[in-house]
Amino acid sequence: MKNILVIGSTGQIGSELTMLLRRTYPNGKVVAGYIRGCEPQGKLLSSGPSEEADVCNRKQIEDIVDKYDIDTIYNLAALLSATAERLPLKAWDIQMNGLINVLEVAREKKCAVFTPSSIGSFGPSTPRHNTPQDTIQRPTSMYGVTKVATELLSDYYYTKYGVDTRAVRFPGLISYTTLPGGGTTDYAVEIYYAAVQGEEFVCPIAAGTYMDMMYMPDALRAAIEIMEANPRYLKHRNAFNIASMSFEPEEIAAAIRRYIPNFRMRYEVDPVRQHIADSWPDNMDDTCARKEWGWAPSYDLDSMTQDMIKNLKIKLNK
Ligand code: SER
């Protein structure tokens, strides 16, 4: 990787990944691609080039790839699961028509492509525990439908055209930098904001609902390591299960109470999010990622909780 385009650079993952890529590849150009209304600000704006890069506008993507001699595209444009249920056609447009644009440009200009998949690519007929790498993928949400199709289309462009597509299936991602929006796993971020601000947290996910989660530094490292992996050892490409922790609301609340003992939580379950969460795995088996490219997480629930609380106190002046 030398010159990189990040599509969706101001989003939940992109805002942090773009900065890490700029630190990791100081001799290359890392272009922050954005859509109108979501322009980069602050350090993201001042630390490197940025360009309007609407994933639905193939010409725009093509022009940026030419202008900066891009060799790798991180395609992070997506609507998260609950929003995609509200706006299914928009989700299809961004996730599928957008992906075809990226893959076509990558085929013509010989770029490698990372388009993340998710725990959302699984469904109610998937084995819930230790969900295998290769298993049933019959999701019931629009988000999941687009993520399975993303995996298939990305593999298709690799086998048919030799486009170097690789990806991971992200768990719910937790970070103190950029808030997610419209996801089913968002509660695991919002709970920390409430706790640090001394507020009661109203949890939209029912007690006992386990989902895979990951701290952002591990997720960012995975996104870079998979693209740097030696292709000789990759038996899979789109997309690898990666895991680090799985918990349900009571467990994350208990982890927070170790540092903020008077933290309070009550439940007001959101039926849309709960339905989605019930269809996702409890915990994925990431053996293939570990074997094929050496994946290993470094944060667990406790070390993440400590770091989140410490950094949110600084961010929120608490
Ligand atoms: N975090 C995403 C969501 O909840 C799943 O990949 O929609």
Side-chain angles (χ1 to χ4, degrees), residues 8 11-17 74-88 90-92 94-96 98-99 114-124 126 128 131 137 139-151 154 167-193 203-206 209-220 222-223 226 238-249 252 269-284 286 289 297 304 308:
Q12 184 200 9
I13 302 173
S15 56
E16 292 187 62
L17 183 63
Y74 279 90
N75 171 25
L76 306 177
L79 293 189
L80 291 183
S81 55
T83 307
E85 285 311 286
R86 256 193 319 108
L87 303 167
K90 190 167 180 198
W92 180 269
I94 294 171
Q95 267 113 274
M96 300 319 314
L99 175 63
F114 175 94
T115 311
S117 186
S118 154
I119 49 173
S121 69
F122 298 114
T126 304
R128 291 187 84 82
T131 303
Q137 288 181 282
T140 47
S141 68
M142 181 49 111
Y143 181 74
V145 169
T146 64
K147 286 298 171 189
V148 175
T150 294
E151 294 188 8
S154 299
V168 295
R169 294 179 183 135
F170 279 131
L173 300 181
I174 295 163
S175 141
Y176 57 86
T177 305
T178 305
L179 278 166
T184 301
T185 58
D186 296 6
Y187 91 90
V189 180
E190 290 155 1
I191 193 171
Y192 287 108
Y193 278 78
C203 188
I205 298 293
T209 309
Y210 281 87
M211 285 185 274
D212 269 303
M213 301 281 181
M214 183 172 286
Y215 200 31
M216 192 61 92
D218 277 337
L220 300 178
I226 180 64
N238 298 282
F240 283 91
N241 286 0
I242 54 168
S244 63
M245 64 186 93
S246 168
F247 54 75
E248 54 90 34
I252 185 172
V269 172
D270 168 14
V272 174
R273 284 183 165 83
Q274 188 61 40
H275 184 70
I276 295 172
D278 285 338
S279 75
W280 288 354
D282 286 1
N283 59 296
M284 292 187 287
D286 61 1
M304 173 178 80
M308 277 294 285

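All ligand and atom numbering here is 1-based and tracks the order in the structure. Throughout, numbering of the chain's residues begins at 1 and tracks the sequence. This one's a predicted model, so the numbers in the text were calculated from it and none came from an experiment.
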**Student:** Ring-plane angle category for Tyr176 and Tyr215, please: parallel below 30°, perpendicular beyond 60°, tilted otherwise.
**Tutor:** tilted
**Student:** Output the set of protein residues with a heavy-atom contact under 4.0 Å to ligand 1, ordered first by chain identifier and then by residue number.
**Tutor:** Leu80, Ser81, Ser118, Tyr143, Gly183, Thr184, Thr185, Trp280
**Student:** Tell me, please, which residues at least two apart from Glu85 pass salt bridge (Lys or Arg N to Asp or Glu O under 4.0 Å).
**Tutor:** none
**Student:** Which residues pass the side chain to side chain donor-acceptor pair (under 3.5 Å) test with Ser118, sequence neighbours left out?
**Tutor:** none
**Student:** Can you name the residues that form a side chain to side chain donor-acceptor pair (under 3.5 Å) with Tyr143, not counting sequence neighbours?
**Tutor:** none
**Student:** Mind checking whether Tyr187 and Asp270 have side chains closer than 4.5 Å, heavy atoms only?
**Tutor:** no
**Student:** Verify the distance criterion only: is there a donor paired with an acceptor across the side chains of Thr184 and Ser81 at less than 3.5 Å?
**Tutor:** yes
